[in-house]
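First comes the structure, then the notes that go with it.
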Amino acid sequence: MDYNIALIGNPNVGKTSVYNKITHSFEHVGNWTGVTVEAVSKEILFEHRRITVCDLPGLYSLTVYSPEEGVSRDAVCAGKQQAIIDVCDVNDLSRNLYLTLQLLEAGAPVVLTLNMMDELSRRGQIVNYRKLEAALGLPVVPMATKYHAEVHMLLSVTVDYIEHRRHKRAELPYLKKLPLEQVKTIIEKNAEKAGVDLLYAAIKVLENDTFILEKLALSDEQKAGIAALGEGLQDKLAAARYAYIDKIMDGVIMSSVADEHHEMHEHSVHDVPLTASERDEAEKRGDEDEIKHIRLHGKIKKNEDLKRRGFSGLDRLFLNKYLALPLFFVIMLAIFLVTFGDYMPGYWMKTGLEWIFDNALHDPVQKGLTSIGAWNWVTGLVTDGIIDGLGGVLVFLPQIVLMFLFLALLEDSGYISRVAFMTDGLFRKIGLSGRSVFTMLMGFGCSATAVLTSRGMEDEKMRKKTVMLTPFMSCSARFPVYSAICAAYFSGGKAFVIFGMYILGAAVALAYAAILNKIKKFKSGEMSFIMEMPPYRIPTLTRVFQILWHNAKAFIIRVGTVVFAINIIVWLLSSFGVGTVDGNTVFGYCGDHAEIKSFLEYFASAIAPLFAPLGFGAGEHGWQAVTALISGLAAKEVVLSSIESFGGAEVVFGTDGCAALAFVVFTLLYVPCIATLAAIRKEAGWKWMLGGAALQLATAYVISLVFYWMGVLFTYNVGAAVSIIIVLVVAAIVAAVIAHAVRTRNMCIGCPGAKNCGGSCGRKKK
């Protein structure tokens, strides 16, 4: 038999980890909201049964506020699953059960799993899951995802629940305290016509759920009848749920026997009170030693509770309002130094691969083809087009893997969630939120994937701005371009220049966000940011290996398919053309006749003058740099493979390090790859995609122009360059002061904020 099973739960409860364990998949897992933005499914074979397992986006309630939450809500309402596995974090069970109750109200066939039991055990606690089973009328499975046997048990219980028809609608006593029968009488015909479960529809009407109300299409008379039932019904329903959760949770989480023995030891040996009344009596006695010990014991218990909720002593450092951001920059700089610095691990691994490609592949293949008399263009295609082109990209695989290793450690440890938390305040001021941090940080991996994670943002304008600005964040495909060119021209400070590119991309994105938020048409609305604060965890080897393998495999496949195909096309177009030889027009291989000009050279040379002010569009090889940029629209790795097939950065840019730097900046900021453009169109529409592409192209041109000419000035006249910087800084300060004065010229003394009241308040103007 075929079964459909869906996984649902709050964000950050380990739902996708359960899915990966069940299906042996490698879906991305993260300690933040929005990692899963659409339903992901896979068919497995379990005990001779075919089961389709679907991982739904996380949500807190069936009343949704973002598109990806709507995916989960629709899946529940459709009722096509034989069972829904509700994944709860046992460390925060009370809050997670709010969604569980809503699933039961909807009549869904629920199997409840209490995840992260290993963390509960480490705190010396146990769970009485049988009490939950009795109260909720559903099977409860305690488990830890890292243990395969417990995941197998979850599947077994779920299949048994389906096959023995154990599902029946739960009786929830708190619903009897609400006027649901009256609501059902009013909406019965509407619910039947809309195909919505009557009881669930009545509950959602009390909650004023927009989605259900639109489906029911109630008349004004019906709305008046519901309004007559009283005010505050939504709050009463929420309060009833929470009261019921408190009732059934009493005695579910208990101290283990060992922990209870420790409590009794503290009480008997150190006279530590076990109840509040005993503590009060101890305070009245005034024994300073006893009071000191009581307070110490209380502080320890408080710290344990904070730790259970995700907080740690490390947060005093990593979430410190003065130290958090500087520490983040120091950590990221250290990662770049280890990855890209000379004589660091990344350097030696890259150097080893270069030796293999040069001495074990390129030279032997070239000699072999030459010795057998292969055609010159075939030899050039294999050695220059394939080995040098693809090899020039693949040699950076160790550094890319090393970078993803560090990012995986930061992500799996829980630190990346802290980064979003500490930057939320700054992002709100420019019309974004901490949720945007997750999307932009994922842009360091793949811009196309990162764009898709923006679906969870409830404010439409903020979501579209995030989608448009995310490509400014440097994706992993640009790593090889930076590294190769910086190694050729800035070997001493290569890591700092590469790190600077990441900072520049982020700075441009944030600057545009601030500018757009000042424009009424693009100003974001009210924003909410609910974030799970995961506890610090030691990253598991299995999890880290999965991340590394997934990213390395994706990189190799991309190089072996898209980059390979585009690179061959670019090489052929740049190696064959038309020219006049001995008075005759000849089509042929450029390497055989110096007079033949390639097809690509004809085209690129026509637009190369546009890039001449940037330094890399002029000269004999200017067309090659332009060609590399054009080919990079397919995939950014092709930028480097094209340069390598032309002979390397030293050939394309010569001795002009300023032109090379301008090229790197342009590569960072210009139009993203086709896959990212398609993702932007899908999430924001054609206008935002085209507008974003135009903005990125213009930004890349202007900033590259500034970098090039500032570099030229620093090279030939340091004093002039410093003078220009001072003038620009002073001008910016003066402009900011004037803008502030203009903006607040009509602001009244005592008026809150910076709004112009027009003097209506009667207060004295500034």
Side-chain angles (χ1 to χ4, degrees), residues 5-23 25-42 53-78 81 83-104 106 108 110-116 143 145 154 211 309-310 411-412 414 416-417 420-421 424 433-439 441-442 449-450 452-459 463 527-535 537 543:
I5 296 173
L7 296 173
I8 201 169
N10 289 182
N12 198 41
V13 295
K15 178 172 53 63
T16 302
S17 295
V18 175
Y19 173 82
N20 286 341
K21 202 75 173 182
I22 290 175
T23 62
S25 300
F26 299 97
E27 294 297 325
H28 189 78
V29 180
N31 285 315
W32 60 75
T33 305
V35 174
T36 305
V37 293
E38 58 186 358
V40 179
S41 62
K42 187 175 182 179
V53 183
C54 180
D55 181 22
L56 298 172
L59 74 170
Y60 293 99
S61 166
L62 291 183
T63 300
V64 304
Y65 300 97
S66 61
E68 100 274 12
E69 290 180 346
V71 172
S72 299
R73 185 267 321 277
D74 293 344
V76 172
C77 293
Q81 293 83 18
I84 294 178
I85 298 177
D86 179 21
V87 183
C88 292
D89 180 356
V90 73
N91 301 294
D92 205 356
L93 186 54
S94 294
R95 182 174 55 74
N96 286 192
L97 286 176
Y98 191 82
L99 175 62
T100 307
L101 291 184
Q102 292 199 350
L103 293 172
L104 295 177
V110 179
V111 174
L112 182 65
T113 178
L114 309 182
N115 196 21
M116 304 183 189
M143 63 173 289
T145 312
L154 172 63
F211 175 76
R309 289 187 287 161
E411 177 186 320
D412 218 37
I416 294 297
S417 290
F421 180 80
D424 180 55
S433 77
R435 189 74 178 266
S436 303
V437 177
F438 297 139
T439 295
L441 285 176
M442 288 194 72
T449 303
L452 297 177
T453 65
S454 65
R455 292 181 187 175
M457 300 177 190
E458 57 193 76
D459 184 80
R463 185 177 68 84
M527 294 166 286
S528 63
F529 176 49
I530 301 173
M531 188 194 70
E532 302 291 329
M533 187 67 78
R537 297 186 176 102
R543 160 90 175 115

Do [X] and [Y] have side-chain heavy atoms sitting under 4.5 Å apart?
X: Leu97; Y: Leu112; answer: yes
X: Val13; Y: Asp92; answer: no
X: Pro11; Y: Tyr60; answer: yes
X: Ile85; Y: Val18; answer: no

Where do [X] and [Y] come nearest, in terms of heavy atoms and distance?
X: Val87; Y: Gly14; value: CG1-C, 4.5 Å
X: Cys88; Y: Leu93; value: CB-CD1, 3.9 Å
X: Ser72; Y: Ile8; value: CB-CD1, 4.3 Å
X: Thr145; Y: Lys21; value: O-CE, 3.4 Å

Roughly how far, to the nearest 0.5 Å, is [atom2] of [Y] from [atom1] of [X]?
X: Ile5; Y: Leu154; atom1: CD1; atom2: CG; result: 8.0 Å
X: Asp55; Y: Ser41; atom1: CG; atom2: OG; result: 9.5 Å
X: Ser17; Y: Ile22; atom1: OG; atom2: CD1; result: 11.0 Å

> Which residues pass the side chain to side chain donor-acceptor pair (under 3.5 Å) test with Thr100, sequence neighbours left out?
Replying inline: Asp86

Would you say the side-chain atoms of [X] pair up with the backbone N or O of [Y], donor to acceptor, closer than 3.5 Å?
X: Gln102; Y: Leu62; result: yes
X: Thr113; Y: Asn115; result: no
X: Lys15; Y: Leu56; result: yes

>> side chain to side chain donor-acceptor pair (under 3.5 Å), that's the test. Do Asn10 and Asn96 meet it? Break it down for me.
In response: CA-CA 6 Å; Asn10 289 182; Asn96 286 192; 3.0 Å; yes

> With sequence neighbours left out, what residues match Tyr98 under ring-ring contact (aromatic ring centres under 6.0 Å, His included)?
Replying inline: Tyr242

